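In what follows, a structure is listed as structure tokens, so that the remarks can point back to it.
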Amino acid sequence: MSESPDFRKWAARVARQADKERDASEAHRLMSIAEYWVRLADIEDWQRDSQAGDNATTH
């Protein structure tokens with residue numbers, strides 16, 4: 001099985017890039033991308049925790 005993407009790491013990288021961006025609209029776009037990736041990471045965590053809980057109750 002392949003390793004899952006590290007959305008939080010990607011989000012942090014894009015947020016750092018946004019901090020350095022001189023164009024305000026581009027900085028806003030980059031921060032929106034970073035926020036989206038954090039939400040994806042949260043969803044991934046929730047799904048993993050839900051599956052772990054399901055497995056614990058069925059075994």
Side-chain angles (χ1 to χ4, degrees):
M1 187 168 147
S2 66
E3 194 173 316
S4 63
D6 189 345
F7 293 118
R8 286 190 177 85
K9 184 177 178 180
W10 295 352
R13 187 178 303 147
V14 171
R16 284 191 301 272
Q17 185 178 347
D19 284 341
K20 297 174 186 174
E21 182 59 52
R22 298 177 98 183
D23 180 358
S25 62
E26 180 65 6
H28 179 64
R29 186 184 76 82
L30 291 170
M31 285 306 297
S32 294
I33 292 168
E35 291 166 3
Y36 176 74
W37 282 343
V38 168
R39 286 194 303 270
L40 285 178
D42 290 343
I43 291 168
E44 215 175 50
D45 291 347
W46 177 80
Q47 288 176 334
R48 185 179 50 251
D49 293 347
S50 293
Q51 288 175 348
D54 289 346
N55 289 340
T57 59
T58 59
H59 287 85

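Side-chain atoms are counted along with the backbone in the values below, which use heavy atoms only and exclude waters and symmetry mates. What you see is a predicted model; the values in this text were computed from it and never measured.
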Taking the hydrophobic residues Ile, Leu, Val, Met, Phe, Trp and Tyr, and joining any pair whose side-chain heavy atoms are under 4.5 Å apart, which ones share a cluster with Leu40?
Phe7, Trp10, Val14, Leu30, Ile33, Tyr36, Trp37
Side chains of Asp42 and Arg8: does their closest heavy-atom pair fall under 4.5 Å?
yes
Show the nearest heavy-atom pair for residues Ala27 and Glu21, with the distance to one decimal.
N-CG, 3.6 Å
Set of residues satisfying side-chain hydrogen bond (donor to acceptor under 3.5 Å, both in side chains) with respect to Arg16, sequence neighbours excluded
none
Taking every heavy atom of Asp45 against every heavy atom of Arg48, the minimum-distance pair comes out as OD1-NH2, 2.5 Å
I need the Ser32 OG to Arg29 CZ distance, nearest 0.5 Å.
9.0 Å
